[in-house]
Amino acid sequence: MSHELSEQEVIRRNSLNEIIKLGINPYPPELFEVNVSAANIHKNFEREKGDYQNISIAGRIMTRRIMGNASFAELQDSTGKIQLYFKRDDICPGEDKTMYNTVFKKYLDIGDIIGIKGFVFITQTGEITIHVTEYKLLCKTLRPLPVVKEKEGEVFDAFSNPEQRYRQRYLDLIVNHQVKDTFIKRTQLTNSMRSYLNQKGYLEVETPILQPLYGGAMARPFKTHHNTLDMTLYLRIANELYLKRLIVGGFDGVYEFAKDFRNEGMSRFHNPEFTQMELYVAYKDYNWMMDTVEEMVERVAMDLHGTTKVQVGDNIIDFQRPWKRYSMYEAILHFTGIDISEMDEKTMAEAATNLGIQVDATMGRGKIIDEIFGETCEAKLIQPTFITDYPVEMSPLAKKHRTMPGLVERFEGICNGKEICNAFSELNDPIEQRRRFEEQLELGIRGDEEAMMLDEDFLRAIEFGLPPTAGVGIGIDRLSMIMTNSASIQDVLFFPQMRAENL
RNA sequence: GACUCCGUAGCUCAGCUGGUAGAGCAGCUGACUCUUAAUCAGCGGGUCCAGAGUUCGAAUCUCUGCGGGGUCACCA
C-alpha cells in the first residue's frame with residue numbers, strides 16, 4: 001500500500017523530524033480554543049474593530065509570501081481565507097528567533113494546520129489581515145497540496161482533473177471553494193424539504209435497506225446474503241412498499257430520505273446509489289400531490305437562492321407556482337402536432353416509426369407512448385412541468401385514471417429536460433394490485449430483468465385496507481444538480497462510485 | 001455495454017512527420033520587515049498509466065489491458 005516518496009514528501013518528513021527535535025509536538029493532543037472565523041472577520045471587522053484585538057483562529061496555510069523578516073500567508077478555515085501577517089520580532093520578542101526563522105520559514109509548509117493568536121488590521125493595500133502575535137503547529141502535513149492561484153476571478157493551475165477531484169474529494173474541498181458551496185446547498189436543500197414536511201405534520205421514518213424482496217420501482221437490484229439467516233437479501237431500489245405499509249398502519253403522512261441502490265448503467269445522471277425522498281399522504285390524490293410538490297420545490301428554491309429563479313446551464317429556471325401541466329397526450333400533441341389519444345396500437349406504432357423511433361413487437365401501446373414522449377418531449381421541457389396520466393402498463397402501483405381508460409393517475413415533474421419526481425394516486429384495490437403484480441411476473445418470465453416481484457406481504461397489508469393515498473418520490477441528486485447548476489451527478493455526491501483505484 | 005477523446009514532475013500543461021523530456025506554479029538554497037498569481041538570483045525533481053510489438057532507436061507508431069472524461073443505450 002505504500003508508495004515511493006516524492007522529493008517533496010521526503011523534505012516534509014525531514015521537516016517533521018526537525019520540528020520534533022526542537023521539542024515541538026507536530027500533532028498536539030490538546031484543544032485549540034478558536035474564537036472567530038475568517039468569514040466573521042471579513043464581515044464584521046470594519047464595523048466592530050474593537051472586537052478583533054484579541055483573536056484566536058485555526059486553519060490551513062494556503063499560500064506564503066516570505067519577505068525576509070516579515071511574511072504574509074493565507075489561512076483557510078471552514079468559512080474561507082484570511083491573510084496573516086507574521087513579523088519576526090513580534091513572533092519572537094526575545095533573542096531566540098527560532099519560531100520565525102527556523103520553524104515558520106523552514107519547516108512549515110503549505111497545507112500545514114496551525115492555530116494563531118493576534119489582532120486584525122488593514123494593510124496599506126487595504127486587505128483585512130491578522131497580525132500574528134503567536135502561532136502553534138496543530139498538524140504537520142506530509143503531502144504537498146495542489147496550489148491553486150487566483151487573480152481577479154481568473155483561476156490559475158486549477159485542480160481540475162475530474163478523476164483526482166472525485167477520488168480525493170478532500171483535496172477538491174480544500175482547494176476548490178465552490179465545491180464546498182455545492183455540498184452546503186445540497187444539505188440546505190434537504191433541510192428545507194424536511195422543515196416543510198415537518199411543518200405539515202408528516203413523520204420522518206426509516207425503513208429497511210436490506211429487503212428480502214425488492215420492489216416499488218422497475219430496476220435491477222444489488223443482491224447480497226445474510227450469513228446467520230442464510231438468506232438472500234436485496235439492497236432496496238425504492239422504499240415505496242414499506243411506506244405504504246405504514247399508511248396501512250395508521251400514519252397519515254410519512255416520508256423518508258432514502259438511499260436507494262440500482263444495479264444499472266452509470267452516467268452523468270446515474271450513480272449506483274442515489275437518494276430519493278419518498279412521501280405518502282393518506283386521503284389525498286395526485287392532483288393534491290402536484291400542488292404539494294410545487295409548493296415544496298418553490299420553497300426550496302427560495303431557501304437556497306432567495307428567489308424562485310435559478311440559473312441552470314444556459315437557462316434560467318423559474319420554480320414559481322403554478323407549473324405548467326400537460327397530460328402525456330397533450331405534451332405529445334404540443335411537440336409533434338400528432339394526436340395519438342385515439343390511436344390504436346398499430347396506428348401508433350406507425351406514427352412512432354415516422355418520428356424515427358424504433359418500435360418492436362414486444363412493445364405494447366403503453367411502451368410506445370412512453371417512447372414517443374421520451375424522444376420528442378422530455379428534453380424540451382426546461383421550465384418545471386408536470387406531465388400527467390401515464391399508460392397503465394408502465395405503472396403497476398398507480399391507480400386507474402378516474403375517467404380515462406388505459407391510463408393511471410400518475411405524474412412526473414420534468415425540469416431542465418430531466419425527470420425530478422414521480423408520483424401517483426396509489427393503487428389501493430388489493431385485487432387489482434394482485435393482478436398488476438401478476439402481469440409483472442409475466443414480464444419477468446419473458447426476460448424483463450426490471451419487472452417487479454410479487455410481494456405477498458404487501459398485498460396482505462393492503463387487504464387490511466390502504467386508505468386512498470397520494471405518493472411521490474423526488475430525486476434528491478437530480479434536484480441538487482439543478483439547484484446547484486451542476487452538470488454531473490458526481491458533482492453533487494461527495495464520493496461518487498468509481499472503479500477501484502490501484503494505490 | 002458501444003463509440004470517442006484523454007493518461008508526461010506534487011498541480012496545470014507543452015513535447016511537430018520516431019533520436020530516452022520541457023514550462024509555469026509548488027519544492028530546495030540565498031536576498032528582501034505591508035506582500036497578495038509577491039519579486040529577484042541560483043538549484044533539484046520523471047518506471048512519460050502498464051505490458052507486448054514495429055524499429056538501430058518509442059513519451060511519440062501498432063495492439064492489449066488498466067483508469068478517467070464526453071456522447072449514446074438502460075434508467076432516477
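Letters A, B, ... are given to chains in the order of the sequence lines, protein chains preceding strands, and every chain is numbered from 1.
- Both tests do not hold together for A:R299 against A:Y196: distance to the six-membered ring centre under 6.0 Å, angle to the ring axis within 45°.
- Taking a cutoff of 4.0 Å between a charged side-chain nitrogen and a carboxylate oxygen, A:K136 and A:E134 do not qualify as a salt bridge.
- Below the 3.5 angstrom threshold, one finds no donor paired with an acceptor across the side chain of A:E4 and the base of B:U47.
- Consecutive Watson-Crick or G-U pairs involving RNA chain B, each under 3.5 Å on both distances, make up stems of three or more pairs at B:1-7 with B:66-72, B:10-13 with B:22-25, B:27-31 with B:39-43, B:49-53 with B:61-65.
- The residue A:R268 sits close only to the backbone: its heavy atoms come under 4.0 Å of sugar-phosphate atoms, none of a base.
- The aromatic ring of A:F274 is stacked on the base of B:A76, with the two ring centres less than 5.5 Å apart and the planes inclined by under 30°.
- Side-chain N or O atoms of A:R436 include none that pairs as donor or acceptor with a backbone N or O of A:V392 at under 3.5 Å.
- Atom CZ in A:F72 sits about 12 Å away from atom P in B:U33, given to the nearest Å.
- The ring-ring contact (aromatic ring centres under 6.0 Å, His included) contacts involving residues 356-389 of chain A comprise A:W323-A:F386, A:F386-A:F411, where partners must be two or more places apart or lie in separate chains.
- Between the base of B:U35 and the side chain of A:T123 there is a donor-acceptor pair shorter than 3.5 Å.
- At least one side-chain heavy atom of A:M218 sits under 4.5 Å from a side-chain heavy atom of A:Q440.
- The phosphate of B:U12 (OP1 or OP2) has no side-chain N or O of A:K149 nearer than 4.0 angstrom.
- Counting to the nearest Å, the P atom of B:U35 and the CD1 atom of A:I130 are 19 Å from each other.
- The same atom, C1', is picked in B:C6 and in B:U60; the two are 15 Å apart, to the nearest Å.
- Side-chain N/O atoms of A:E419 and base N/O atoms of B:A76 include no donor-acceptor pair closer than 3.5 Å.
- Judged by distance alone with a 3.5 Å cut-off, no donor-acceptor contact links the side chain of A:E7 to the base of B:G27.
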